[in-house]
Protein chains: 2
Amino acid sequence: MKLGQATIKDIARELNLSASTISRALKDYPGISDETKRRVKEVAKNMNYRPNAIALSLRKSRSFTIGVIIPEVVHFFFSTVISGIEDIAQSRGYNVILSQSNEKLDREISSIETMLSNQIDGVLVSYSKETESFDHFTRVLDQGFPIVFFDRAPAIPNAINVMVADYQGAYDATIHLISQGYKNIVHLSGPKALKISIDREQGYRDALEKNGISVNPANIIECPLGTLEEGQRLVSELFNSLPERPDAFFSCNDIGAVGAMKACRDIGLKIPLEVGIVGFSDWQFCAMLDPQLSSVSQPGFMMGARATEILIDIIEKKLDVETMERNLILETKLMERDSSRRF
Amino acid sequence: MKLGQATIKDIARELNLSASTISRALKDYPGISDETKRRVKEVAKNMNYRPNAIALSLRKSRSFTIGVIIPEVVHFFFSTVISGIEDIAQSRGYNVILSQSNEKLDREISSIETMLSNQIDGVLVSYSKETESFDHFTRVLDQGFPIVFFDRAPAIPNAINVMVADYQGAYDATIHLISQGYKNIVHLSGPKALKISIDREQGYRDALEKNGISVNPANIIECPLGTLEEGQRLVSELFNSLPERPDAFFSCNDIGAVGAMKACRDIGLKIPLEVGIVGFSDWQFCAMLDPQLSSVSQPGFMMGARATEILIDIIEKKLDVETMERNLILETKLMERDSSRRF
DNA sequence: TTGTATGCGTTATCAT
DNA sequence: ATGATAACGCATACAA
């Protein structure tokens, strides 16, 4: 019993053949006698031979591994995306190497460095909230290294992005609130550093204006943290400060919506009768709340899957980076539930 | 501008030195003149040199990569574990390669095969619900390959497991319900194939018996799916069929607890006044529900972190597999919230 | 202080 | 039909 894995050489020694013959026999190359193939495969099996992917990578300068850099794993939406990534990668014979930035720029940078060191074939990135300069990405992009961004699209010309229709989703949500007769709709917005926050806010604005409602700046509340407590606190403060009491909230995320829900309940407002609430992302728990929370559903799995398909197609040159469509926008779907349905 | 990455040879050529000198200079070996070191590092930087981790792996037969095989990524508890894994791995200089089995045995088997091919240094496993034979694990364990199991501990002698105190958590939850004066406590149990289900059920049983309450087999309802709908349906049926109406539910997972909550509400029962409910896992949404759901909190991040530390310690021979403690059990914590607090 | 040779596991190329 | 050799990028034992 030798320690470590059996190699081609071990098989060669066992059968008094050369390593090249073993290699060829194992891959059913023509010009190897059937008898030899049979014997080689038999011995390989007995020795529990397993090809060394590292050696292969070195030789081919290809690792069949893609990297994923993501802000957080413990996040319903992102974990869904990862699932989609992993699914496609696995079915196309690629490994997935995962790194979370925890929303930190320096971890993002060191992650991409390690991954490049590890000769990954391409990388999927959703950058951190701290990231404002994209040099660490352009540098590697300029070397012709494949990167596909998802969810958060950077300000890089020619970057390849897979996003959800944040604008449209926010627009739909706001229109829905208007159509339910809510008059004074507040938007809980996200960190301004993220394009998704800006797009969602714009969808909200346009929906109001399209309906002849002028946008009141005091009705847009930025929630940089995105926590429940923050949402609850900000909405409570709003109730005390705003002259005209809001009768609806469109939050850029579900957690904030729950915060708003609690704040409303704290002062005895009935949902959806007196206040309407809509979130964004359609996290699992939306349907568990009472009343069930309306939310804009984002196709996370699909996003991961499509981004991965695109990345691998680029790696395998089935897609031409020069001529391809560089922005893929996936549709959202408004899940109308009890928290915003009066009729 | 050459395509591909600069290598040690490129630097050597540039400086008219040998590759070995470059290698040594970059690693600050003694016996290289400071001047040479300086020049080498300068050129390395200019050429954007990045060591090829694949070549290193091949040479050292070590990849500094650990594999993670997990049933599902889109799962609050598991995603928390992954986060802990990733955190420690990153801080100790290891990559994480991720594969989800989707609770399928064949994917689990093929995942471990690919990972071994990729020369990972060790693997963290939470096996699938389908897995009943553990041959695919014992085979590699017997070769001396490091595996640490987490959450779901297999029936393998000498396996190294990191688990939560399922028995104790369930026991605590049940005692809590009893102490709140609930008399007829039903247990929604999990798939019998998982040890965690059995342990939780046993905790429930023992808590009752310790308090002189005999266990009514009709009060233990198996929920193999673990979905909200399943929980809701089974509890509704229970209300119609059981002679004596249950006044409390201890569910082996939070989703089932929400199902029970809905079923109670459907027939107008007040929580916690008329019915008490406790879940297991303390998912994020527990605190968002109304009433807030009591639940047994599992230290997911800690589990991932500890399992990874143990694995890496084994890999780096800081722990001796022969003599080490093979079972690490992490404590749970009962989060008492409104759904079960009458006093 | 630096260079040469060798090998990690595999395969493509060029023999035989 | 099979074998010998070189190469992928790097580190190290041994030479000089």
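To find a chain, count down the sequence lines: A is the first, B the second, and so on, and within it residues start at 1.
Aromatic pair A/Tyr127/A/Phe134: ring centres closer than 6.0 Å.
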Could you check B/Ser99 against B/Ser111 for side chain to side chain donor-acceptor pair (under 3.5 Å), going step by step and ending with a plain yes or no?
CA-CA 7 Å; B/Ser99 182; B/Ser111 290; 2.6 Å; yes
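Sorted pairs that involve residues 72-81 of chain A and meet side-chain hydrogen bond (donor to acceptor under 3.5 Å, both in side chains), not counting sequence neighbours, are lacking altogether. Evaluation of the ring-ring contact (aromatic ring centres under 6.0 Å, His included) test over residues 37-62 of chain B, restricted to residues two or more places apart or in two chains, returns none. Listed by first and then second residue, the salt bridge (Lys or Arg N to Asp or Glu O under 4.0 Å) pairs that reach into residues 96-113 of chain B are A/Arg50-B/Glu113, A/Glu86-B/Arg107, A/Asp87-B/Arg107, B/Glu103-B/Arg152, B/Lys104-B/Glu130, sequence neighbours excluded.
Enclosure of atom NZ in A/Lys37 by more than 12 non-hydrogen atoms of other residues, nucleotides or ligands within 6.0 angstrom is indicated.
Across all strands shown, A/Thr36 has heavy atoms under 4.0 Å from sugar-phosphate atoms exclusively, and none from any base. Within the 4.0 angstrom heavy-atom criterion, no nucleotide atom of any strand lies near A/Ile54.
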Can you pull every protein N or O that's under 3.5 Å from an N or O on nucleotides 6-8 of chain D?
unit_1: D/dC8; atom_1: OP2; unit_2: B/Lys9; atom_2: NZ; d: 3.1

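The terminal axes of the helix from C/dT1-D/dA16 to C/dT16-D/dA1, fitted over 5 pairs per end, subtend an angle of 50° to the nearest 10°.
Between A/Phe64 and A/Tyr94, the angle of the ring planes lies from 30° to 60°, which puts this pair in the tilted group.
Side-chain nitrogen and oxygen atoms of B/Ser23 include none within less than 4.0 Å of the OP1 or OP2 phosphate oxygen of D/dT12.
Nucleotides of DNA chain C with any atom under 4.0 Å from a heavy atom of chain B span, from 5' to 3', C/dT1 to C/dG9.
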